[in-house]
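Notes to accompany the following structure.
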Amino acid sequence: MDIKNILAEEITAAVKSVFDHKLDPKHALISPTKKEFEGAYTFVVFPLVKVLRNSPENIANQLGEYLVENSEHITAFNVIKGFLNLSLDNKLWNAILKSILENKDFGQHPSNDKTIVVEYSSPNTNKPLHLGHLRNIFLGWSISKIAKAAGYKVVKTKVVNDRGIAICKSMLSWQKFAEGVTPESSKTKGDHFVGDYYVKFEQAFREEYTNWQNNEGEAVFKSNAKDGEDAAAFYKRYKNTYFNEHSQLGGEARKMLLDWESGEPNTIALWKKMNGWVYDGFNKTYGALGVDFNDIVYESDTYLLGKEYVLQGLKDNVFYQKPDNSIWVDLEEEGMDQKIVLRSDGTSVYITQDIGTAKVRHDKFSFDNMVYVVADEQDYHFQVLKQVLKKLGEPYADNLFHLSYGMVELTTGKMKSREGTVVDADDLIEEVKQMARTSADERGGLSELSEEERQSIFEKIGLGALKYYILKINPRKWMTFNPEDSVDMQGATAPYIQNAFVRIQSIFRKGGEVSTDWNREVALSNQEKELIVLLSSFPEEISEAMQKYDPSVIATYTFNLAKAYHKFYHDHRILGAEDPSVKQMRLALSKTVANIIEKSSDLLGIGMPNYM
RNA sequence: GGCCCCGUAGCUCAGCUGGAUAGAGCAACUGACUUCUAAUCAGUAGGUCGCACGUUCGAAUCGUGCCGGGGUCACCA
C-alpha cells in the first residue's frame with residue numbers, strides 16, 4: 001500500500017474523466033505538500049496546461065472537485081496557482097500506518113535478480129588505515145547495504161595492494177633496524193608496527209639523500225638543473241631518479257622487489273610474515289568498524305593479470321604496438337589521450353590489472369553492475385578503463401560505476417603522510433568512543449548499567465557520530481574534517497537520531513504495548529500525518545540513494561524522520577494520551593518510526609542503542 | 001593548456017531528472033524540564049544561490065561564456 005501510487009491512480013482517473021485526457025505517468029508529479037500549506041500531498045498541474053489549453057487554476061479546481069466527490073481517500077483540496085493540495089481521510093492514514101507497522105520488510109525491495117560487485121577499502125599493506133580510508137570504507141559499506149535493500153545480490157570485495165616497492169621498503173627497513181622485534185614483543189598493532197618501519201625507511205633515505213646532495217650530488221645538480229632552478233627545487237624533482245639510480249637504500253629495495261618477483265624464498269617468507277602482521281591489524285580495525293568482505297583480491301595474485309587480454313586486443317587491432325614493444329590504446333576520438341596498457345618489457349601497468357580483474361570478476365560473479373569506491377583523483381583512470389573495456393567488447397563496460405569521492409582535508413590543510421599530518425583510523429575510533437563516554441558522564445546517565453553495556457553504547461554513539469558526519473555529505477564533495485564537529489552530538493548527527501530511537505524504547509519500557517488493533521477512524525494531527533508521509537517514502541529514498549549511489553540521501557532522510565519524531569514527541573502525549581485509541585495509534589506510530597530509524601541507520605552502518 | 005569536479009546564510013551542508021516566499025544543522029541571542037530520556041523543543045537574527053547572457057508560463061536547477069578553487073593529463077599505483 002503506497003500512498004503516492006494510490007493518489008497517482010486516482011488523479012489519472014480524474015484527468016481521464018474530467019478532461020478525457022490520458023495522463024502521462026511522467027507528468028503525475030506528486031510530492032508532499034509544503035508545511036505552510038494545508039494538505040498532505042500536492043499534484044502539480046502545470047504540465048497539463050499546454051495539452052489541455054486551460055488555466056492552471058481551472059484544471060486544478062476541476063480535478064480537486066472531482067476527486068473530493070469521487071475518491072474515498074481524498075477529503076478536501078485547495079489550489080494555489082498550479083498546485084493542487086489534497087487532504088486525505090483519517091481511515092487512509094491509519095490503514096497506511098498499520099500496513100507499514102505490519103510489514104517487517106518495509107523498505108526492502110523485491111529481488112531484481114541482479115548482482116552488483118562493490119569494491120571498497122583497497123588498502124596498501126605498508127601503513128595503517130587513516131581518515132581517508134574511513135570515508136572510503138563507510139561509503140562502500142553503505143552502498144553495499146543500500147544495494148541489498150534495493151534488491152541486488154551484493155558482493156563486497158577489496159583489492160589488497162600487498163606487493164610493490166612500498167612494502168619492500170618496510171621489509172628492508174625491518175631487516176636493517178628492527179633487530180628481531182615483532183608486533184607481539186613490542187605490543188604494537190601489526191599494521192602500525194609495519195607502518196613505523198616504512199616511516200623509518202623514509203627517514204633513513206632522506207638522510208642518505210641529504211648526504212649525497214652535499215657530496216657527489218652537487219655535480220649532478222650543476223649539470224642537470226634547468227635554467228634558474230634552485231637546489232631545493234632540483235632535488236625535489238630529482239628524488240625519484242636518485243632513488244632509482246644512485247641510492248644505496250633504493251638499490252637494496254629494488255633488489256628486494258626483484259627477489260620477490262623471482263620468488264626468492266627468504267624474501268617471500270619475510271613478505272608473508274610482515275603482511276600477516278598488517279592483516280592482523282587491519283582485521284581489528286575492520287572489526288571495530290563493523291564491516292566485512294565476501295571476496296578479497298590480492299594484488300600479488302593479479303599483478304600479472306590482464307596481459308593476455310591486452311595481447312588479444314592487439315591482435316584485434318584495439319591496441320597498437322610501438323617499436324619498443326610497449327602496447328598502447330588510442331582514445332583521442334573519445335576525447336582522451338594515448339594510454340599505455342603494457343610496458344615494453346611486457347609487464348602489466350595499473351590499468352592492465354584492472355582490465356584483468358574486471359574480466360575475472362565477471363567470470364566469477366556474472367555481475368550486472370560493478371561499483372568502484374575510489375577517490376576522485378582517479379576519475380580519469382576509470383574513464384579510460386571503461387572505454388578500454390568497451391573497445392574490447394566487454395558487455396558490462398557500461399555498467400561499471402566509479403563512486404568517486406572527494407578527499408578529506410584537515411582544517412590545517414591536506415593530510416600528508418610524509419609530514420605526519422595524517423589522522424590515524426584507530427586513534428580516531430578510540431577518540432570518538434571516548435568523547436561519547438565523556439559526554440554521557442557529563443550528563444550523569446547510564447550509571448546503572450554494567451561497564452560492558454556502557455562500552456557497547458559508547459561504540460554505537462561515537463562511531464555512529466563519526467560515520468554520520470562523513471556520510472551525510474555528498475560523496476563527490478571534498479570535505480574538511482573538523483574534529484569537534486565530527487563528535488558533535490546535537491542537530492544533524494547520529495546521536496540525535498539515536499536519541500529519537502532511545503526515547504521510543506523508553507516508552508515501551510514504561511509500559512507501552514503495540515497492537516495493530518486500534519480504531520481506524522482516529523483523527524491524526526498534522527505532525528502525525530507528516531511522520532506517516534516520511535515513513536511511506538522510505539522505499540523511494542532507497543531507490544534514489546541507489547540510483548545516485550549516494551548514502552547521503554539516506555543520511556538526510558533519517559535525520560528528517562528523527563527530527564519529525566522529536567517534534568511530535570514534544571507536542572504529544574503518548575502513554576498519557578487522552579483517548580485509548582489515540583494512545584494505541586501513537587504507540588503504533590512510535591514503534592514504526594523506531595523500526596524505520598533502525599533500518600535506515602543500518603543502511604549507513606550506524607547501530608541503535610537502547611539507552612543513552 | 002586539454003578534460004573533469006566544486007562554488008548556496010559567518011561556518012558545515014541540503015535542494016540541482018526545471019515548480020509555491022531558496023532550506024537544515026552549527027555558532028549567536030531569547031525562551032521551555034516536579035511530566036513518556038532537555039543528546040530535546042520553540043523563537044529571533046542571518047542570502048546579489050560566484051558573475052553575465054540565453055532557453056520559458058516558471059531557473060539555485062538547463063545551455064553558452066567568464067571568474068575563483070581543486071583534481072588529472074607517468075612504461076607510479
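Naming convention: chains lettered A, B, ... in sequence-line order (proteins, then strands); numbering from 1 in each chain. Given the structure is predicted, the values throughout are model-derived calculations rather than measurements.
- Using modelled atom types, one finds a donor on one side chain and an acceptor on the other under 3.5 Å when comparing A:D571 with A:Q527.
- Base pairing of B:rA28: its partner is B:rU44, meeting the Watson-Crick or G-U wobble criterion (both donor-acceptor distances under 3.5 Å).
- Contact check, A:K414 against B:rG71: a side-chain N or O comes under 4.0 Å of OP1 or OP2.
- Applying the side chain to side chain contact (heavy atoms under 4.5 Å, CB included) test between A:P56 and each of A:L48, A:V44, A:V49 identifies A:V49 as the sole match.
- Side-chain nitrogen and oxygen atoms of A:Y496 include at least one within less than 4.0 Å of the OP1 or OP2 phosphate oxygen of B:rC41.
- Contact between the side-chain N/O atoms of A:K472 and the OP1/OP2 oxygens of B:rU12 is not found at any separation under 4.0 Å.
- When the side-chain nitrogen and oxygen atoms of A:R509 are compared with OP1 and OP2 of B:rC36, none of them lie within a distance under 4.0 Å.
- Taking 4.0 angstrom as the limit, A:K35 places none of its side-chain polar atoms (N or O) nearer than this to OP1 or OP2 of B:rU21.
- A:F538 and A:Y557 have parallel rings, their planes meeting at less than 30° on a 0 to 90° scale where 60° marks the start of perpendicular.
- Within the 4.0 Å cut-off from OP1 or OP2 of B:rA77, at least one side-chain nitrogen or oxygen of A:R343 is found.
- Within the 4.0 Å cut-off from OP1 or OP2 of B:rC36, not a single side-chain nitrogen or oxygen of A:R573 is found.
- Base pairing annotation: B:rG7 forms a Watson-Crick or G-U wobble pair with B:rC67, both donor-acceptor distances under 3.5 Å.
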